[in-house]
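Position 1 is the first residue of the sequence; numbering continues from there. Every number for a ligand or one of its atoms is a count from 1 in the order of the listing.
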Amino acid sequence: MTGSSDSDTKGFERLGHVNFSGQYDTDAVDNAELIERRNKYFAGSFLFFHNPVHLVRGEGVWLYDDQGRKYLDAYNNIPNVGHCHPRVVDAICAQARQLNTHTRYLHENIINLAERIAGTTPQGLDVSLFACSGTEACELSLRLARQVTGNSGIIVMESSYHGNSKLVGEMSTITYAPDARPTWIATVEPPNAYQGPFRDGDGDLSCRYADLVDDAISQLQDSGHGVAAFVCDAIFDSQGTLEAPKDYFKLVYEKVRAAGGLCIADEVQAGFGRTGKYWGFEHYDVVPDILFAGKPMGNGHPTSLVTTRRDIADKWAENDAYFNTFGGNPVSAAAADAMMAVMEDENLVENCAEVGSYLRARLEALADRHTIIGNVRGRGLFQGIELVKDRESREPAPEVAARIPDRMKDEGVLIGLTGRYGNVLKFRFSLVATRENVDTLFAALDKVIRDAPRTMS
Ligand SMILES: Cc1ncc(COP(=O)(O)O)c(C=O)c1O
């Protein structure tokens with residue numbers, strides 16, 4: 001993370017409804033003693049919600065706090081097949097009981113996992129490297145791209161988030177001020193047909209947004225960096241959950257490849273089925289040169305991957321090598337393999353697409369009832385609604401949005417907040433969610449939005 005601390009925290013606040021001061025009114029909150037201890041021994045301690053929630057147990061889509069209160073997890077960004085899925089838990093325990101080492105010894109688990117991953121990706125995209133977090137996987141992807149292309153420039157979206165190391169933090173443009181950007185970063189406006197420079201009715205939006213990449217390419221070529229890669233999250237989580245126009249990625253990929261760069265799909269949010277297809281890029285009929293993923297991969301156990309083509313991997317390996325003590329260890333591999341096996345055996349990508357369509361329909365019905373909802377968008381079980389002060393002007397309503405996750409928590413539903421203006425409510429269910437779970441979200445949201453004042457200072 002770079003830049004001034006003020007812009008850092010503002011960016012992160014927009015991303016997730018957090019209180020960065022670490023100051024809570026300890027008389028008015030539950031668990032005051034726990035918060036005090038945490039604040040005393042944590043550096044930069046911050047928590048979701050003004051009255052933070054103390055979770056002690058999870059099962060499927062449900063979370064339970066220390067008082068036995070039950071919450072529907074509609075924020076879920078990690079336990080892909082539901083909290084504490086017994087098959088994943090058993091796989092972790094059995095392997096931990098038997099052996100845990102690293103990838104410099106032969107072990108079948110990591111080979112099984114690599115084979116299973118290759119079975120989910122487009123043909124040719126079948127060679128993997130393993131790490132522990134999305135940040136590490138992103139950084140490794142850049143290392144491959146820079147090594148293979150001989151260039152160093154990276155194109156990312158405005159308001160992007162890709163992780164937390166120095167290098168990846170600099171690609172995460174939502175977390176710091178624009179004037180602190182290094183010259184190897186070039187940004188493009190995300191294809192936001194609701195708030196962006198080109199909107200519905202402004203002609204061919206795929207072309208108009210893709211053409212913005214030309215300037216980014218020229219900027220990197222003029223500064224001598226050249227183009228190593230274009231990196232994009234296909235669900236545009238930090239930009240407020242967007243649906244890009246149909247041919248956007250096709251056109252951008254052509255431009256980036258013509259400039260000598262590689263196309264990297266950040267699948268940390270969109271990957272492993274959450275959007276109703278196995279990988280987010282599949283919605284756009286493109287095949288990236290490299291993909292990286294993490295969060296849902298181990299259903300809560302820290303593990304991540306980079307998957308690429310054999311020719312890219314071989315060219316990179318001529319001059320570089322990689323080892324990660326924990327990445328791909330037998331326990332992590334067992335967790336990820338079990339998570340993926342559950343997805344397959346329980347037909348969870350199909351469930352996500354089906355329940356996701358229902359979620360979308362319910363959110364659109366909600367927009368018919370509340371004019372503060374300006375736009376509904378997303379894919380599968382990853383949807384967002386954008387709150388505006390006025391549908392005509394589309395002026396964002398971040399003050400109202402900022403209060404809603406707290407109020408939803410009081411109704412027993414956990415949701416998130418995202419987007420450049422901090423005015424997009426984000427709903428992200430695990431793949432096992434049902435229509436009934438969606439109805440629970442709908443009822444709570446309807447009540448909370450109905451009671452929310454139109455503006456808040
Ligand atoms: C789109 C995206 N990429 C990368 C990351 C970084 O992943 P991690 O926090 O596991 O390092 C995140 C984390 O939120 C993310 O949302």
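Checked against side-chain hydrogen bond (donor to acceptor under 3.5 Å, both in side chains), Asp410 has no partners two or more places apart in sequence or in another chain.
Residue pairs meeting the side-chain hydrogen bond (donor to acceptor under 3.5 Å, both in side chains) criterion with at least one partner in residues 242-252, sequence neighbours excluded, are Glu243-Arg360. Contacts classified as side-chain hydrogen bond (donor to acceptor under 3.5 Å, both in side chains) and involving residues 323-332 (residues at least two apart or in different chains) are given here: Asn100-Asn329, Glu136-Asn324, His301-Ser332, Tyr322-Asn324, Asn329-Ser332.
A cation-pi contact links Arg428 to Tyr75, judged by a cut-off of 6.0 Å to the six-membered ring centre and 45° from its axis. Annotation: cation-pi pair Arg274/Phe382 absent, no NZ/CZ under 6.0 Å from the ring centroid and within 45° of its normal.
Below 30°, between 30° and 60°, or above 60°: for Phe249 and Tyr284 the angle between ring planes is between 30° and 60°, a tilted geometry.
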Please tabulate, one line per pair, the protein nitrogen or oxygen atoms found under 3.5 angstrom from a nitrogen or oxygen of ligand 1, with distances to 0.1 Å, or say none if there are no such pairs.
unit_1	atom_1	unit_2	atom_2	d
ligand 1	3 (N)	Asp266	OD1	3.3
ligand 1	3 (N)	Asp266	OD2	2.7
ligand 1	10 (O)	Gly134	N	2.9
ligand 1	11 (O)	Gly134	N	3.4
ligand 1	11 (O)	Thr135	N	2.8
ligand 1	11 (O)	Thr135	OG1	2.5
ligand 1	14 (O)	Lys295	NZ	2.9
ligand 1	16 (O)	Gln269	NE2	2.8

